Amino acid sequence: MAIIRNHPIWHSVRTALSRLRSWETILSLQQQTCFSCGMAHKGANPLLPLCRACLAAIPWITEVVCAKCGRYESCPDCARGAETYLLRNRSAVRYTPGMKEWLALYKYRGRETMRQVIGPMLLHAYHLHGKEEPCPDFVQEMITFVPLSEERLSERGFNQAEQMAAELGKLTRLPVLPLLKRTAHTGKQSFKARMQRIDDLKGVFALEPRGVSRLQALIRGGPVRIYIVDDVYTTGSTLNECARTIRSQIEVQVCGLCWAR
Ligand SMILES: [Zn+2]
Ligand SMILES: [Zn+2]
């Protein structure tokens, strides 16, 4: 035994073990930082890097009132029965001032780590779809996203909808394919009236051949349902035009999946 204890290998094993223990101590004491408020916390939710207070402040949509667009209150737009190419939309949260702040941090103020908060939150919207009607086993599900124009992409450096779709893809293990591209640059949608927005969007999207060829391969295995990811559902005109573009050429079911409504 003494021979073993004095052996040089034993010394290095002991050193490695004591280093490991000190790392364990450091890790157990290390707190996580809340991605929203910056407070140290112990990790209240395994999916969302947020402190308890920020988690509790999320205005989740739990009661869907409009079965079509997923709104939490009655909905004049859908009641008018406007033509839609979407089976339905579901959104995860109400677009409150707090949520506007989160999206602004992410999109305009360079806090790209917010994708790890906003992206996984889409899982709630996905579950709301399942609550309405579980997707039949024989239907294959996949995820795509609303594309940005080249101009906007180079301005921002990333497409938030694409990043959010990637986060949701990791959690659901569904394939994420780029199916759409923008053919023309439209001005900021949020500043336009509803009818103006709908007119402006006609023909703005086109199919992205790379994603479409992979979709065709999926379709050979049976029917496909596509979830289109976007950050905010306002009038639904962007998602509807995306769905129209896809369904004008490919026979699939299309759902909207947004972070906020
Ligand atoms: Zn916080
Ligand atoms: Zn509605």
Side-chain angles (χ1 to χ4, degrees), residues 30-107 109-133 146 167 189-190 193-195 197-198 201 227-244 253-261:
Q30 195 185 41
Q31 303 250 14
Q32 296 180 33
T33 304
C34 174
F35 278 34
S36 169
C37 70
M39 290 277 284
H41 68 101
K42 285 244 170 86
N45 181 303
L47 290 186
L48 299 173
L50 296 170
C51 71
R52 260 176 217 288
C54 289
L55 267 178
I58 297 176
W60 297 110
I61 294 176
T62 49
E63 292 301 321
V64 170
V65 172
C66 181
K68 191 81 194 166
C69 73
R71 203 169 177 171
Y72 50 87
E73 56 194 0
S74 70
C75 181
D77 287 349
C78 294
R80 270 198 294 270
E83 191 179 22
T84 174
Y85 296 87
L86 289 171
L87 180 66
R88 73 179 94 84
N89 174 73
R90 286 295 177 268
S91 303
V93 295
R94 300 169 184 229
Y95 201 33
T96 56
M99 294 299 99
K100 279 184 186 154
E101 178 62 26
W102 279 11
L103 193 63
L105 272 178
Y106 178 33
K107 275 168 78 172
R109 283 186 258 137
R111 182 101 66 89
E112 216 176 316
T113 51
M114 282 303 281
R115 70 177 280 173
Q116 292 170 57
V117 174
I118 289 176
M121 285 170 74
L122 286 178
L123 194 61
H124 178 61
Y126 176 73
H127 286 152
L128 287 175
H129 274 289
K131 214 171 140 187
E132 182 71 33
E133 168 243 347
V146 174
E167 294 294 332
Q189 288 298 303
S190 37
R194 181 180 161 79
M195 284 318 289
R197 293 166 68 132
I198 294 169
L201 283 168
Y227 297 94
I228 307 180
V229 168
D230 203 2
D231 47 18
V232 184
Y233 184 109
T234 310
T235 61
S237 48
T238 304
L239 277 182
N240 198 34
E241 183 57 19
C242 286
R244 193 191 66 77
Q253 227 178 40
V254 181
C255 293
L257 211 155
C258 294
W259 174 66
R261 174 75 176 91

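In each ligand, atom 1 is the first atom listed, and ligand 1 is the first ligand listed. All values reported here derive from a predicted model rather than from experimental measurement. What you see below is based on every heavy atom in this structure, not just the backbone, and it leaves out hydrogens, waters and symmetry mates.
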**Q** I need the His41 NE2 to Arg52 CZ distance, nearest 0.5 Å.
**A**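 Going from NE2 on His41 over to CZ on Arg52, the span is 10.0 Å.
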**Q** Less than 4.0 Å between a side-chain N and a carboxylate O, is that true for Glu73 and Arg261?
**A** no
**Q** Please state the angle at the Zn ion (ligand 2) spanned by SG of Cys69 and SG of Cys75: what is it, rounded to 10 degrees?
**A**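 It rounds to 100°.
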**Q** What angle, in degrees and rounded to 10°, do you get at the Zn ion (ligand 2) when you join it to SG of Cys66 and to SG of Cys78?
**A**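 Centred on the Zn ion (ligand 2), the SG/SG angle is 100° (to 10°).
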**Q** Would you say the Zn ion (ligand 1) has Cys51 as a near neighbour, meaning an N/O/S atom of that residue under 2.8 Å away?
**A**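 Here the distance criterion (N, O or S atom, under 2.8 Å) is met by Cys51, so yes.
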**Q** What is the SG(Cys34)-the Zn ion (ligand 1)-SG(Cys37) angle, to the nearest 10 degrees?
**A**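 An angle of 110° at the metal.
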**Q** With a 4.0 Å cut-off, would you call Arg90 and Glu132 a salt bridge?
**A** yes
**Q** Below 4.5 Å, heavy atoms only, C-beta onward: do Leu103 and Tyr95 meet side chain to side chain?
**A**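 In short, these two side chains touch, coming nearer than 4.5 Å.
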